[in-house]
A.B. asks: 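Pasting in a structure now, in structure tokens, and then I'll have a few things to ask.
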There are 2 protein chains.
Amino acid sequence: MQPTHDNCPCMDDCPLNRALGLIGGKWKMQILCSLYNNGPTRYNQLKKTLDGVSNTVLANALRELEEDRLVTRREYLEVPVRVEYAITEPCKRLIPILDQLGDWSMTL
Amino acid sequence: MQPTHDNCPCMDDCPLNRALGLIGGKWKMQILCSLYNNGPTRYNQLKKTLDGVSNTVLANALRELEEDRLVTRREYLEVPVRVEYAITEPCKRLIPILDQLGDWSMTL
DNA sequence: CGGCATCCCGAAGGATACTG
DNA sequence: CAGTATCCTTCGGGATGCCG
């Protein structure tokens, strides 16, 4: 008896859909891309670079990315306080895959 | 003078964000995955396989996927009418990349 | 400086009924 | 059979102000 393949592995929560959820937010790609290009960046600098993002959205995106281990948040106890965000090693491994995705979309 | 890298290439509409938009809809991955696993599939069969999707959502997703050349829609003028959806060649080239994305998310 | 609290809006997603 | 039409809900995203 052959496998029916009636159901698709994506039906319930699959790794692929999880991945898409992690990077699917509206500003998340820009954030990761900017941190990748510019290295560790302070909150307000990041906000300036991503022109047009609001505080609520940027803060939420950063917190989610941190929870998902895609960026790190380092707080330096100076006066005034300094906070720097940077991408993690796992996130760096993601970049080449994203490059392929970009290349693919250009062949459409 | 070195490049400033102040701006990220994702700031305006980049290929990567376009790609994420194409496959980012809620049921799109399941649709593509099912069509990939099961081959050309009729509308109602697809709807049964993707348990829980409504007509509006499924029809919209399929139309968008067709516009974006990720699936084909073939209409057979029988009685009653028969419509089969299938993934395109460009879409098949996408699959290995998505596999990598899935693998990556499992290493997190 | 680096956010959080609040309020708001439009788009995405969904349920249901109906039709060519 | 393969959808559209209609209406409704939810939620991601956004603007603004304030605070530790």
Side-chain angles (χ1 to χ4, degrees), chain A residues 10-13 17-35 38 40-68 70-86, chain B residues 10-13 17-32 34-35 38-68 70-86:
Chain A
C10 285
M11 281 308 292
D12 26 30
D13 193 34
N17 272 329
R18 256 189 7 100
L20 291 176
L22 299 186
I23 62 180
K26 181 167 187 201
W27 289 93
K28 289 194 176 176
M29 278 316 309
Q30 284 93 323
I31 293 172
L32 296 181
C33 191
S34 177
L35 292 181
N38 306 322
T41 311
R42 301 180 64 164
Y43 180 90
N44 273 320
Q45 175 58 39
L46 197 53
K47 191 180 174 211
K48 247 190 301 178
T49 305
L50 309 176
D51 196 47
V53 69
S54 71
N55 275 328
T56 16
V57 175
L58 178 56
N60 282 337
L62 285 172
R63 194 176 335 102
E64 287 177 22
L65 289 172
E66 192 195 1
E67 288 169 359
D68 297 333
L70 296 185
V71 307
T72 55
R73 177 187 185 277
R74 300 204 52 180
E75 189 170 342
Y76 299 87
L77 295 182
E78 308 169 353
V79 181
V81 68
R82 185 172 108 230
V83 176
E84 282 187 356
Y85 291 91
Chain B
C10 284
M11 283 307 293
D12 26 29
D13 193 34
N17 273 329
R18 258 194 359 104
L20 291 176
L22 299 185
I23 60 178
K26 183 166 186 203
W27 290 92
K28 289 195 176 173
M29 277 314 311
Q30 284 94 322
I31 293 172
L32 295 182
S34 176
L35 292 180
N38 306 321
T41 311
R42 303 179 65 163
Y43 180 88
N44 273 322
Q45 174 59 38
L46 197 54
K47 191 178 174 216
K48 247 191 301 177
T49 305
L50 309 175
D51 194 48
V53 70
S54 72
N55 275 328
T56 18
V57 175
L58 179 55
N60 282 338
L62 285 171
R63 195 173 334 102
E64 286 179 22
L65 288 172
E66 191 194 2
E67 288 169 359
D68 297 332
L70 296 186
V71 307
T72 56
R73 176 187 186 276
R74 298 204 55 180
E75 190 170 341
Y76 299 89
L77 295 182
E78 308 169 354
V79 180
V81 66
R82 183 171 109 228
V83 177
E84 282 188 353
Y85 291 92

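A, B, ... follow the sequence lines: proteins, then strands. Residue 1 opens every chain.
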A.B. asks: In whole angstroms, how far is the P atom of D:dT6 from the CG atom of B:N60?
C.D. replies: 14 Å
A.B. asks: Run the side chain to side chain contact (heavy atoms under 4.5 Å, CB included) test against B:R82 and tell me which residues pass, sequence neighbours left out.
C.D. replies: B:R42, B:Y76, B:E78, B:E84
A.B. asks: What's the CG-P distance between B:L77 and D:dG3, to the nearest Å?
C.D. replies: 13 Å
A.B. asks: Once rounded to the nearest 0.5 Å, what's the spacing between atom NZ of A:K47 and atom CH2 of A:W27?
C.D. replies: 11.0 Å
A.B. asks: Whole-Å distance between C:dG3 P and A:E66 CD?
C.D. replies: 9 Å
A.B. asks: Check the pair A:L20 / B:M29 against side-chain contact (heavy atoms from CB on, under 4.5 Å), numbers first and verdict last.
C.D. replies: CA-CA 10 Å; A:L20 291 176; B:M29 277 314 311; 3.4 Å; yes
A.B. asks: Between A:L58 (CG) and C:dG3 (P), how many Å, whole number?
C.D. replies: 8 Å
A.B. asks: Specify the residue among A:V57 and A:V81 whose closest nucleotide of DNA chain D lies further upstream toward the 5′ end.
C.D. replies: A:V57
A.B. asks: State which of C:dC1, D:dG3, C:dA15 makes the closest approach to the side chain of A:P80.
C.D. replies: C:dC1
A.B. asks: Under 4.0 Å from OP1 or OP2 of D:dA2: is there any side-chain N or O of B:N44 that close?
C.D. replies: yes
A.B. asks: Counting only side-chain N and O atoms of B:R42, is one of them less than 4.0 Å from OP1 or OP2 of D:dA2?
C.D. replies: yes
A.B. asks: Step by step, would you call A:L46 with A:L62 a side-chain contact (heavy atoms from CB on, under 4.5 Å)?
C.D. replies: CA-CA 11 Å; A:L46 197 53; A:L62 285 172; 4.0 Å; yes
A.B. asks: Just the rounded figure in Å: distance from P of C:dG2 to CD of A:E84.
C.D. replies: 9 Å
A.B. asks: For A:K26 and C:dG10, give me the distance from atom NZ to atom P, rounded to whole Å.
C.D. replies: 14 Å
A.B. asks: Could you tell me whether the phosphate oxygens of C:dG14, OP1 or OP2, come under 4.0 Å of any side-chain nitrogen or oxygen in B:W27?
C.D. replies: yes
A.B. asks: What nucleotide among C:dG2, D:dA5, D:dT16 has an atom nearest to a side-chain atom of A:R82?
C.D. replies: C:dG2
A.B. asks: Can you tell me the distance, in whole Å, between the OH atom of A:Y85 and the P atom of C:dC1?
C.D. replies: 15 Å
A.B. asks: Rounded to the Å, how far apart are B:N55 CG and D:dT6 C1'?
C.D. replies: 13 Å
A.B. asks: Say whether B:Q45 and B:T49, considering side chains only, have a donor N or O and an acceptor N or O under 3.5 Å apart.
C.D. replies: yes
A.B. asks: Using a cut-off of less than 4.0 Å, is there contact between a side-chain N or O of A:R73 and OP1 or OP2 of C:dG2?
C.D. replies: no
